[in-house]
Structures are given as structure tokens and as C-alpha cells.
Colleague: 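Could you have a look at this structure, given as C-alpha cells, before my questions?
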Amino acid sequence: MCGGGTGIMGNLLTRQQGRASNHLENSHPPKDIFIALNPLTVTANDIKQNSTGYVSLLILLLLTLLAGLGMEGYLKANTENRMVKREVQSRQALYLAEGGVEWAKAHLTANPDLRKGSLSLDNGQVDVQIELSGGDYKVTSKGLSGLAVRKIEEHLELVNESWVTKSYQELHW
């Protein structure tokens, strides 16, 4: 009555025939046959196999998101580092320019005919120009540090062997 055959139905019917000798005693089909006949039925094993693809995709998306956030943080830190470096160089250039004015004051006391000078230091360079106008000296000092350049101009007067600053101006060019 129950033939062999191949496939799911054949295997199920063959197992059924081996278990029951009387066909009438076991007239209900096995539970497995409903799963085999209904392709829309999903088992826990099917869900487990299909969900591994979704989990892998979610992990990949999460790693991509974290990598993007890490890259953004690195770029922000790098940009801020460059801004701080430029600010430091700018301040150093200003301090070098002010040091050039002080250098000019010291050398003008010993040599009033001095008209220019240049200094090279560890963190930059200073170029000084001196012009005599009346009894005053106009000292222009340019400080260079890295890529930063700052330039200042002071009008100085020698009064009782000490220098008096008549005007101070930072030049922007």
C-alpha cells in the first residue's frame, strides 16, 4: 500500500510503513508530512540559517559606522593639531619681531649709525630695518617662524640714555 519512491514523501511513507504493520491503526499522516507539503512553513532551523546573513550584514554596517566615526575623529584631531601649530608659529614670529626691536635698541645705543641687521635663531629668523627721521628712529622688525611672518614697527626716541617708544604698530600685509 505504501510504496517506496524517492524524495520526502517516499522517505516519510517508508518510515511510516516500517513502524506500523496495520494501515488502519495509523491512519493519520505524520506531522513531518505537513511541513514537507507546505513550503511556507518555516522551522527554527531555517530561521537560524537565514538570520546569520542578517547578523553578518548588521555587524558589517556597525563596523563601517565605527570606522567612519574613527576617521572623522582622526581628521578633526589632525586639523586642530595643524591650527595649533600655526598659532604657535605665529606667536613665535611675533616674539621674534619684538626681540628684533630690542636687539636694535641695544645696538643703536652702541652704534647710532646702524641701519639694518639680521638674526638667525633656533626657532626662526629676524630681519631689522632702521630709519633715522629727525631725532627719532623708526625700527621695522620682521619675524619668521615656520610659515608664519609677523612684522612690527616702532618709533623710538633716546631720552636720558633710555629708549622711549613713541608708537608701536603691528603691520599686516
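All of these numbers come straight from a predicted model, not from anything done at the bench.
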Colleague: Check step by step if side-chain contact (heavy atoms from CB on, under 4.5 Å) holds for Leu108 and Ile130.
Modeller: CA-CA 9 Å; Leu108 281 173; Ile130 303 167; 4.1 Å; yes
Colleague: Evaluate the criterion side chain to side chain donor-acceptor pair (under 3.5 Å) for residue pair Thr140 and Gln129; output intermediate values, then yes/no.
Modeller: CA-CA 5 Å; Thr140 306; Gln129 298 290 325; over 6 Å; no
Colleague: Could you state whether Tyr168 and Tyr137 fall into the same hydrophobic cluster, counting links through intermediate Ile, Leu, Val, Met, Phe, Trp or Tyr residues with side-chain heavy atoms under 4.5 angstrom apart?
Modeller: yes
Colleague: Of all heavy-atom pairs between Lys142 and Ala97, which one has the smallest distance, and what is that distance?
Modeller: C-CB, 4.3 Å
Colleague: Classify the side-chain pair Thr109/Trp163 by whether it contains a donor and acceptor separated by less than 3.5 Å.
Modeller: yes
Colleague: Dump the intermediate steps for side-chain contact (heavy atoms from CB on, under 4.5 Å) on Lys138 and Leu156, then the final yes or no.
Modeller: CA-CA 6 Å; Lys138 180 176 111 178; Leu156 303 170; over 6 Å; no
Colleague: If you compare all heavy atoms of Gly100 against all heavy atoms of Val128, which two are closest, and at what distance to 0.1 Å?
Modeller: O-CG2, 3.7 Å
Colleague: Do Gln169 and Ile152 have side chains that approach each other closer than 4.5 Å (heavy atoms only, starting at C-beta)?
Modeller: no
Colleague: Counting only pairs under 3.5 Å, give me each side-chain donor-acceptor contact of residues 114-124, with atom names and distances, residues two or more places apart or in other chains.
Modeller:
unit_1	atom_1	unit_2	atom_2	d
Arg115	NH1	Pro112	O	3.3
Ser118	OG	Val126	O	3.4
Ser118	OG	Asp127	OD1	3.0

Colleague: Side-chain contact test, heavy atoms from C-beta onward, threshold under 4.5 Å: evaluate it for Trp103 versus Glu98 and give yes or no.
Modeller: no
Colleague: To the nearest 0.5 Å, what is the distance between CG on Leu62 and CG on Leu66?
Modeller: 4.5 Å
Colleague: Check for me, please, whether Leu132 and Val139 land in the same ILVMFWY cluster - side-chain distances under 4.5 Å, paths through other members count.
Modeller: yes
Colleague: Ion pair present between Lys76 and Glu72, side-chain N to carboxylate O less than 4.0 angstrom?
Modeller: yes
Colleague: Quick check for you: to the nearest 0.5 Å, what is the distance between His172 atom NE2 and Lys151 atom NZ?
Modeller: 12.5 Å
Colleague: To the nearest 0.5 Å, how far apart are CG in Asn78 and CE in Met71?
Modeller: 10.5 Å
Colleague: Testing the 3.5 Å rule here: is there a donor-acceptor pair between the side chains of Thr165 and Glu154?
Modeller: yes
Colleague: Go through it in stages, so that I can follow the logic: the residues are Arg91 and Glu87, the test is side-chain contact (heavy atoms from CB on, under 4.5 Å), and I'd like the CA-CA distance, side-chain angles, deciding distance and then a yes or no.
Modeller: CA-CA 6 Å; Arg91 287 181 188 263; Glu87 179 65 26; 3.0 Å; yes
Colleague: Has Leu60 got more than 12 heavy atoms of other residues, nucleotides or ligands less than 6.0 Å from its CG?
Modeller: yes
Colleague: What distance separates Ser90 OG from Leu147 CG, expressed to the nearest 0.5 Å?
Modeller: 11.5 Å
Colleague: Any idea which heavy atoms bring Ala93 and Arg150 closest together, and the distance?
Modeller: CB-CG, 3.6 Å
Colleague: Rounded to the nearest 0.5 Å, how far does CD1 of Ile59 lie from OH of Tyr54?
Modeller: 15.0 Å
Colleague: Quick one: side chain to side chain contact (heavy atoms under 4.5 Å, CB included) partners of Glu102, sequence neighbours excluded?
Modeller: Lys105
